[in-house]
Structure formats: structure tokens, C-alpha cells
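Remember, it's 1-based here, ligands and their atoms both numbered in the order they're listed.
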Amino acid sequence: MDISDIQNYYDAIIVGAGAGGLYTALSLPETAKILVICKREPTVCNSHLAQGGIAAVYKPVDDDNTSLHTNDTFVAGGFKNNPDSVKILVTQAAQEIQHIIDIGVDFDRDDTGEYDRTLEGGHSRRRIFHHKDSTGAEITRAIREAVLARDNITFLDNALMCRLEKLDSGFAADVLKDDVHTTYTAPYVVLATGGIGRVYEYTTNTAIATGDGITAAYELGAQITGLSLIQFHPTAYHDKARECFLISESVRGEGAHLLNCHKERFMQKYDERLELAPRDVVSHFIMVEAKETGSDEFYLDITHEDRDYLAARFPMIFEFLLTQGIDMSKDLIPVYPCQHYLMGGINVDTSARTDIDGLYAVGECSHTGVHGNNRLASNSLLEALVFGHRAADDISAKLTTPTEPFSYTFEEPADAVHIPTGLRTEIRRIMQQAYFVIPDKEQARTGFERVLEINKLLEQGNFIIDRDYVEAKSLATVAYIILKEII
Ligand SMILES: Cc1cc2nc3c(=O)[nH]c(=O)nc-3n(C[C@H](O)[C@H](O)[C@H](O)COP(=O)(O)OP(=O)(O)OC[C@H]3O[C@@H](n4cnc5c(N)ncnc54)[C@H](O)[C@@H]3O)c2cc1C
């Protein structure tokens, strides 16, 4: 066997370096040879953007306990959650919070030195650990630093997984970095590729969220569950940018009111939980109110709070709004719903195993069933850690049986051409019209026909396998599965 084949053979390949992928890598034994890849810079991922925090019953305050966290998770999820996964999520939470504190995550504390917990929509107790309003950046910073300090982990950024093949002895991944394709092999692969937000015109998600891992798993025949279970966050900053800035749930948690175009509160007409009803409920009633008032103007009002408090509690949001000419202590914040999160994904069991032997999925690309029909705020970072750890435990147990290195060669298409331009824009427009908060069946049916054609074109054409192709194919596949579910 060629020496380069052995060099490119790993015990496990982890595709994705957000909270899910990084924490899986860190939880694997230091004796295992691990490859972690991410397709852009390490901070370009949804985990980095997480503002509000991470929910957990850890050294609880406020009479909190895991039964209450369980109940809140079920209520938000419409009782469609998987009870086994929820039980694991809430009971394993304390262990993972302790671990990330041990590796240096700096959660905010109150004047007494206790961890400060905030409240978010759907939570009956203050249980959201946070680092100002940039919790995800802090958590991934600490985990990434711990991962980079490990000699057994190779970390490649700007490395795109283009193709994934299942072989008798494991998997081969075709990875494109600096315009060069390299094949890596391993008996185990963990997909931690994040969400699908970029299939919409407007989303809070980063540019990486094109559903590449879901597409790779789908092509290998893995079960994909509930891909139309999409969360539309009620309060994105309303400026019609493709990547919408999120005005975190915790702003409402700290008392912001939601106003309609007449600058009047309206949630009391629809739900007794008012602004702190779960996200799907608030987004739904924003759409209902928009129809009633004939306007898509909505605002958050937290002007009753002190300026210094807001600047200290929400520094990132405060600064961002100032760049838009808005002082949140004096001005209303224009908001509107926006694609935010995917509850469905690659179906996995409670050890994050897909139904393809050796293939795992963790984080937002997976469907553990913890979220049911609607994710409870701040449960997703927790899900990424808990199930990332469980995937690592399962792989660790299997690694005790030695495996032989193997190699594989992907076919390179000859005389291939670049994909036609405009396909991704077209898919985004279709999805925005067909399914934004409330599905439009008529638009979904016509959109589905066009998405079928685009899928056929991408499958049958002789295209150069580059980032444009991979992401267009992912968006087309994801749109196809979502629309098929709703028509
Ligand atoms: C604005 C915003 C705020 C949020 N706030 C919160 C919050 O307060 N609390 C909370 O719990 N959740 C929050 N969420 C949700 C949460 O951040 C995500 O669900 C979670 O972090 C997802 O982690 P992940 O590891 O699955 O994916 P990501 O963190 O998105 O990481 C995906 C990784 O996969 C890589 N990747 C993708 N495709 C490929 C490919 N083909 N080849 C190689 N690499 C690939 C990417 O480069 C990236 O490294 C928020 C989300 C957003 C967008």
C-alpha cells in the first residue's frame, strides 16, 4: 500500500467544526487518529453565531429540575418529541456543562459569583447559561482550542467534503482544499455539517448551512426524517439581508415587548404566554397579525430598560443596532420572522448512529427527536454536545477492535463544465414562496416540479465537482425532500 494511503487513513473523520463536530472530536480517545474538516474558516458556522445561550439544569436555581426542563421541551415541541432522547438530553446536560466549564468556557456570573441564568421563550425557569450575547462563539472558542491542542487530531479548514462513499471496510471522503481533491478513508464518519438555512432567501444561518451532510447521507440511503420541520425565528432584524441578524430570544426574556405596525402589543390576543410563547407560536401569530393589519412592520421595544444595562447584557446586539442607527434603549427595533433552525435531519438513535453502519450524525444536521415539532430555545447547543459525546463513546468502544487501513479512488469526470449560474438563487426563491412559516401548497407543488428538473440536471450533467456544484446539489436535494413532505 502506498504511504500516502496510510497517511490519509483515520480512525474517524468528522465533517464539521461547529459545536457538534468539535465536541465529538474532543470526546474521542487521545489514542485515536482523527480528522476534522470544515468547509470555510472555523468561525463560519451556526454555533459561532449562537447568542442567547445553552439550556441546562446544572446546580439549579429557582426550584428548577430536569422534569421541568423535560416538560418545557415537550410543550415547545408539541409533544412530538422522542421521550428517550429528551430524557438523555436533560439528564446528561449537567455533565457536559461541567466539562465545558472545565475546559475554559466563561459563562456570565451575577454579583454573588453564581452563574447567571436567563429566561427564554418556552422556559418555565431561568436555566439559560450565557456568555453575554455571544455564547456560541465562547463555547466553540474553548472547545476548538482544546481540540487544536490535541496531537491526535488533524484539523483542516477551508476543506470541503464533496463526495462520501460507503465501502465494505468503512468510508471514503473526497475533500477539496486549495483546488486539490484528496481522498481520506476511515471506518467511522461523523456528519456534523449543520443546518439548511441557505435554502431560503432570508435566514439567520451562515453561508455553510447548505445541507451537505444531509445530502451525502441521503445519497447513501440513510433515513432522513422531518426535513420540513423548520423553525422560523420570530425576531430577526428586518432589513432583508440574506443573512439576517438575530435579535435574540433573551431580549424578550429580559422583558422586550413585541409591537405591530400601530406600535401596539398584540400577543395577548393570541396566547396567554404573550411574547414568551414558543417560537413557532410567536412567528405564526406575527403572520396572522400581518394579515390583519395589512403590514409586515413589527418591532421589539425594550426602551424601558436602562442603556448601560442593555449595553452590558447585549453588547453584540447593542453594537450591531448602533451601526444601523438604532439605540435600543431609545428606539424600537424592526423585526420579522426568518428561517432559523432545522428540527428534522438525518435520523439517528440515542448514540447518534444513522441506519448506515459506521455513519453518525450530530448537531443540527441530525434528527435525534429531542425537539419534536419545534425546538425549545437554547436546546440545540446542548443537543450538539450531549449527542456528540454519545457518538464519541460509541465509536470509542468500537475502536478497541483494530482495523486495517484501506484506500479508494474517486472517478474524476473528464471534460466537465461549470454548473449553470442562477440555480441556487432559483431554489431559494422557490422555497421562500412555497414555505415561509405557513406552507403554501400551490406554490409548493409548482416549485417541486422545477426542483425535480434541477435535481435531474445536476445528477445527469457532466459538471466540475467544486463548491458551487456541491452546494447547488445539496440545496436542490434538501428543497426536494422538504417540498415532497409538504405537498
Ligand atoms: C443566529 C443564530 C443564533 C442561535 N442561537 C442559539 C442559542 O442561543 N442557543 C442554542 O442552543 N442554539 C442557537 N442557535 C442554533 C445553534 O447555534 C445551532 O443549531 C448549532 O450550533 C449547530 O451546531 P452544529 O455543530 O450542528 O453546526 P454548525 O455550528 O453550523 O457547524 C457546521 C460545520 O459543518 C461544516 N460543513 C458543512 N458542510 C461541509 C462540507 N461539505 N464539508 C466540510 N465541512 C462542512 C461547516 O464548515 C461547519 O464547520 C442559533 C443559531 C443561529 C443561526
Side-chain angles (χ1 to χ4, degrees), residues 13-25 35-56 118 120 128-131 133-140 143-144 155-164 173-177 190-198 203-216 231 233 235-237 243-250 253 279 316-317 338-343 345-346 361-366 368 371 375-385 387-388 467 470-471 473-474:
I13 298 171
I14 299 175
V15 188
L22 289 171
Y23 201 63
T24 308
L35 175 68
V36 178
I37 63 168
C38 60
K39 69 176 172 178
R40 298 277 290 261
E41 295 72 40
T43 52
V44 183
C45 61
N46 284 357
S47 300
H48 182 79
L49 291 188
Q51 299 177 349
I54 179 164
T118 192
E120 292 187 315
I128 319 298
F129 289 80
H130 55 90
H131 174 87
D133 55 358
S134 51
T135 310
E138 170 62 10
I139 290 176
T140 45
I143 308 176
R144 196 169 49 246
F155 188 97
L156 297 181
D157 61 13
N158 290 293
L160 171 82
M161 181 188 74
C162 301
R163 291 175 282 185
L164 183 65
D174 169 25
V175 176
L176 180 63
K177 182 170 168 62
V190 181
L191 296 171
T193 49
I196 51 101
R198 290 301 173 124
T203 175
T204 58
N205 290 191
T206 50
I208 58 89
T210 49
D212 300 357
I214 293 170
T215 300
Q231 183 170 78
H233 198 289
T235 60
Y237 179 69
E243 190 172 319
C244 304
F245 185 84
L246 187 71
I247 309 297
S248 168
E249 186 104 18
S250 48
R279 289 175 184 174
M316 187 168 67
I317 297 173
C338 180
Q339 192 287 339
H340 182 57
Y341 184 77
L342 174 68
M343 273 77 66
I346 307 161
V362 303
E364 194 168 339
C365 72
S366 70
T368 60
H371 306 304
R375 169 177 69 104
L376 180 66
S378 288
N379 264 356
S380 47
L381 284 172
L382 181 61
E383 181 197 33
L385 301 190
F387 289 90
R467 188 163 135 212
V470 170
E471 293 191 345
K473 195 148 124 325
S474 296

Undergrad: Just heavy atoms, cut-off under 4.0 Å: does Gln51 contact ligand 1 by side chain, backbone, both, or neither?
TA: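 For Gln51, the contact with ligand 1 is made by the backbone alone.
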Undergrad: Between Asp157 and Lys177, does any side-chain N to carboxylate O distance fall below 4.0 Å?
TA: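 Counted as a salt bridge, because a side-chain N and a carboxylate O are separated by less than 4.0 Å.
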Undergrad: Quiz question: by atom type and distance under 3.5 Å, do the side chains of Gln231 and His371 form a donor-acceptor pair?
TA: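 Result is no, nothing qualifies.
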Undergrad: Of the listed options (Thr43, Thr135, Thr193), which comes nearest to atom 37 (C) of ligand 1 when hydrogens are ignored and any heavy atom counts?
TA: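 It is Thr193 that holds the nearest heavy atom.
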Undergrad: Going by ring-ring contact (aromatic ring centres under 6.0 Å, His included), name the residues that satisfy it together with His340, two or more places apart in sequence or in a different chain.
TA: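 His340 satisfies ring-ring contact (aromatic ring centres under 6.0 Å, His included) with His233 only.
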Undergrad: What residues form a ring-ring contact (aromatic ring centres under 6.0 Å, His included) with Phe245, not counting sequence neighbours?
TA: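 Applying ring-ring contact (aromatic ring centres under 6.0 Å, His included) to Phe245 gives Phe320.
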Undergrad: Give the contacting part of Arg467 toward ligand 1: side chain, backbone, both or neither, where contact means a heavy-atom distance below 4.0 Å.
TA: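 The answer is neither; Arg467 stays 4.0 Å or more away.
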Undergrad: Which is closest to atom 17 (O) of ligand 1 in terms of heavy atoms, Leu156, Thr210, Asn46?
TA: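 Selected option, by shortest heavy-atom distance: Asn46.
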Undergrad: Going by heavy-atom distance to atom 32 (C) of ligand 1, choose the closest among Gly16, Gly345, Gly213, Ala192.
TA: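 Minimum heavy-atom distance to atom 32 (C) of ligand 1 goes to Ala192.
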Undergrad: Side chain, backbone, both or neither: which applies to Ala159 and ligand 1 if a contact is any heavy-atom pair less than 4.0 Å apart?
TA: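 Within the 4.0 Å criterion, Ala159 contacts ligand 1 through backbone atoms alone.
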Undergrad: Counting heavy atoms only, which part of Leu381 comes closer than 4.0 Å to ligand 1: side chain, backbone, both or neither?
TA: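 Within the 4.0 Å criterion, Leu381 contacts ligand 1 through backbone and side-chain atoms alike.
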Undergrad: With side-chain contact (heavy atoms from CB on, under 4.5 Å) as the test, pick out the partner of Lys39 among Thr210, Leu156, Val44.
TA: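 Per the side-chain contact (heavy atoms from CB on, under 4.5 Å) rule, the option paired with Lys39 is Thr210, out of Thr210, Leu156, Val44.
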